[in-house]
There are 2 protein chains.
Amino acid sequence: MQNKSVSQTEENYLKVIYKLDEKAEGKISTSSISEMMGIAPASVTDMLGKLSDKKLISYKKYQGVSLTPSGRKTAVMVIRKHRLWEHFLVEKLGLSWDEVHEIAEQLEHIRSEKLFDKLDAYLKFPKFDPHGDPIPDSNGNFTNTSAIPMSSCNLNGKYLITGVADHSAEFLRYLTRTGMILGCQFTVKEKQEYDNSFLILKQGTKNELAVSNEIAKKLLVTKARD
Amino acid sequence: MQNKSVSQTEENYLKVIYKLDEKAEGKISTSSISEMMGIAPASVTDMLGKLSDKKLISYKKYQGVSLTPSGRKTAVMVIRKHRLWEHFLVEKLGLSWDEVHEIAEQLEHIRSEKLFDKLDAYLKFPKFDPHGDPIPDSNGNFTNTSAIPMSSCNLNGKYLITGVADHSAEFLRYLTRTGMILGCQFTVKEKQEYDNSFLILKQGTKNELAVSNEIAKKLLVTKARD
DNA sequence: TAATTAATTTAGACAAATCTAAAAATATGT
DNA sequence: ACATATTTTTAGATTTGTCTAAATTAATTA
Ligand SMILES: [Mn+2]
Ligand SMILES: [Mn+2]
Ligand SMILES: [Mn+2]
Ligand SMILES: [Mn+2]
């Protein structure tokens, strides 16, 4: 009855199921997992059987899946490792936020409780990763931020960029180029009706910046005090 | 004709072949690899075929193996990563030298040139790992130390502990307990004829320390100036 | 040198993680 | 409600890395 070991592959499935659950778009289906992982549906069905046998998910054929407490715990710990490493790579090694995800995908599977306790302490128990995502603590607890997409900002509102909803290197590099990085404050000067784009003024700058709705939907912001 | 990718498993085989080659105990046989890896000889034969196909080793049936330049380069880079991580784990995270090897066995397979360039710089381009083993630079070059086993020390000679020939946690913990750690200087006070054990006096201490031949063979030392 | 022993390779099997193609179940639209 | 479309599962195959048992080659000993 001891802890069965979970393979890297299984960890990846659990992480994806966790993320689909987080999005809360209803039932977590075989096809949604298949799509997100780029793996054939038949292969996913196979793995769901294995994860179910290990009691990491509940699964009834054709009915979709959900994480058990044990599966959720495993997923959260993988995410904790991923985000701790990303923080390390950016803050200590000086890599940029658009190149750490790929490396963290590898590092998140390293097994050693002690390593992560030490790493966490070394990094001074950071609460957020370089993309603004919360880092679970060693018990798996973390605070969910109340960030909203920039696309739902109010005219003349003052906001702070606190996260991204797209972690692709291209998007992150675009943000870097235009100076829309985490912590950047801005005021909404105009909301275009015809294309839902924005004109914002970044604090401490002169020129207004146009932000398409596409971009605005993927930028997470928090209301700033005026 | 591009760089074929090398799996983690293949990297482990190359590393073992490299280490057997380093020991220079003549021909590198299927059985020596099998023994060192704890894998059946038949499995080793199989893998030797694959490594040979990839031109990472030269291999003629029944004749033993040797690394090609490409295979040696791969092995050295894995060792570089292993030792850089060990240095990081001890110097930055504060883990002890007896608990880092296992973790480094996992970390040594992380793929990212940039990560290791940055890590190397962050650690200030260390020349040795926590066990006194040299860390290859990004071109694979490293200086081989002229350390000798303590068992061949001269009576009344003054030496410096600079390495270990056994990396097991038990041995390293024994050394820690008795204070025989890297950098520790000592003078050989007695050499017992009947069991080839030593009595040494560590610099800055009063009591002589008995060191069995077993231990002395596994401790690497360098002559110190008197 | 011939017999015996030891090392190595071959043959056949298995588990994990994947695939494609076909079958079965569920969902959708008129 | 029934036909059609979509989703999911099953069946069978493949790749990688491993195993055991048997066959073969090399080494040792008498
Ligand atoms: Mn990431
Ligand atoms: Mn992140
Ligand atoms: Mn090591
Ligand atoms: Mn080492």
Side-chain angles (χ1 to χ4, degrees), chain A residues 3-17 20-21 23 25-67 71 74-75 78 105-106 108-109 111, chain B residues 3-17 20-21 23 25-67 71 74-75 78 105-106 108-109 111:
Chain A
N3 265 334
K4 294 156 190 86
S5 88
V6 180
S7 73
Q8 290 201 185
T9 307
E10 289 166 340
E11 286 186 344
N12 285 335
Y13 275 90
L14 292 174
K15 200 177 45 156
V16 164
I17 294 168
L20 287 168
D21 187 43
K23 284 206 290 183
E25 284 169 349
K27 195 188 78 165
I28 299 168
S29 63
T30 300
S31 55
S32 60
I33 299 168
S34 159
E35 216 173 294
M36 181 165 285
M37 299 187 80
I39 282 173
S43 311
V44 173
T45 298
D46 221 74
M47 180 57 80
L48 295 183
K50 289 182 205 166
L51 294 174
S52 184
D53 289 348
K54 292 191 175 182
K55 309 240 190 295
L56 295 163
I57 61 173
S58 349
Y59 169 57
K60 290 266 168 49
K61 276 186 207 172
Y62 299 101
Q63 307 305 294
V65 298
S66 62
L67 291 168
T74 303
V78 173
E105 284 290 306
Q106 302 175 59
E108 74 189 2
H109 302 293
R111 277 156 221 285
Chain B
N3 264 333
K4 294 155 191 86
S5 89
V6 180
S7 74
Q8 289 201 188
T9 307
E10 289 167 341
E11 286 186 345
N12 284 335
Y13 275 91
L14 292 174
K15 199 176 48 155
V16 163
I17 294 168
L20 288 167
D21 187 44
K23 286 206 291 185
E25 283 168 350
K27 194 188 78 164
I28 299 168
S29 63
T30 300
S31 54
S32 60
I33 298 169
S34 159
E35 216 172 294
M36 181 165 287
M37 298 187 80
I39 282 174
S43 310
V44 174
T45 298
D46 221 74
M47 181 57 79
L48 295 183
K50 290 181 205 166
L51 293 174
S52 184
D53 289 348
K54 291 191 175 183
K55 310 240 191 292
L56 295 162
I57 62 173
S58 353
Y59 169 57
K60 289 266 170 47
K61 276 187 207 171
Y62 297 103
Q63 307 304 294
V65 298
S66 62
L67 291 169
T74 303
V78 174
E105 284 290 306
Q106 301 175 60
E108 73 189 2
H109 302 293
R111 276 155 224 285

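Chain naming here is simple, since letters A, B, ... match the order of the sequence lines and numbering starts at 1 in each.
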Open item on the list: If you assign Lys27(B) and Asp46(B) each to the DNA chain D nucleotide with the nearest heavy atom, which residue ends up on the more 5' nucleotide?
Closed with: Asp46(B)
- [ ] Could you tell me which non-hydrogen atom of Ser29(B) sits nearest to which non-hydrogen atom of Ser32(B), and how far apart they are?
- [x] O-OG, 2.7 Å
Task: Among dA17(C), dT18(C), dG17(D), the one nearest Met47(B) by side-chain distance - done: dG17(D)
Open item on the list: Distance check needed: dT15(D) C1' versus Lys50(B) NZ, whole Å only.
Closed with: 8 Å
Task: Atom pair CE (Met37(A)) and CE (Met47(A)), whose distance is rounded to the nearest 0.5 Å - done: 7.5 Å
Open item on the list: I want to verify a distance call: between dT9(C), dT18(C), dC19(D), whose nearest atom is closest to the Ser43(A) side chain?
Closed with: dT18(C)
Task: Short side-chain N/O contact from Ser7(B) to OP1 or OP2 of dT16(D), under 4.0 Å - done: no
Task: Short side-chain N/O contact to dA7(C) OP1/OP2 from Lys61(B), under 4.0 Å - done: no
Task: Spacing of Ile17(A) atom CD1 and Leu67(A) atom CG [to the nearest 0.5 Å] - done: 5.5 Å
Open item on the list: Counting only side-chain nitrogens and oxygens, does Thr45(B) get under 4.0 Å of the OP1 or OP2 atom of dT9(C)?
Closed with: yes
- [ ] Kindly check if the number of other-residue, nucleotide or ligand heavy atoms within 6.0 Å of CD (Glu35(B)) is above 12?
- [x] no
Open item on the list: Of the options dA17(C), dT24(D), dT20(C), whose atoms approach the side-chain atoms of Thr9(A) most closely?
Closed with: dA17(C)
Open item on the list: Measure CD/Gln8(A) against C1'/dG17(D) and give the value in whole Å, please.
Closed with: 15 Å
Task: Sugar-phosphate only, base, or nothing, as touched by Thr30(A) at under 4.0 Å among non-hydrogen atoms - done: sugar-phosphate
Task: Whole angstrom value for the distance that separates C1' of dA26(D) from NZ of Lys60(B) - done: 17 Å
Open item on the list: Nearest whole Å is fine: how far is dT18(C) P from Ile33(A) CD1?
Closed with: 13 Å
- [ ] Would you indicate, yes or no, if dT18(D) has its OP1 or OP2 atom less than 4.0 angstrom from a side-chain nitrogen or oxygen of Tyr13(B)?
- [x] yes
Open item on the list: By nearest atom, which of the nucleotides dT9(D), dT8(C), dT20(C) is closest to the Tyr62(A) side chain?
Closed with: dT9(D)
TODO: Please report, rounded to the nearest Å, how far the P atom of dT9(C) is from the CD1 atom of Ile39(B).
DONE: 15 Å
TODO: Grab the CG-P distance between Asn12(A) and dA17(C) for me, whole Å please.
DONE: 10 Å
Task: Separation of atom CD1 in Ile28(B) from atom P in dT8(C), rounded to whole Å - done: 12 Å
Task: Exercise: identify the closest heavy-atom pair between Met36(B) and Lys23(B) - done: CE-NZ, 4.2 Å
Open item on the list: Base, sugar-phosphate or nothing for Ser31(B)? Non-hydrogen atoms, less than 4.0 Å.
Closed with: sugar-phosphate
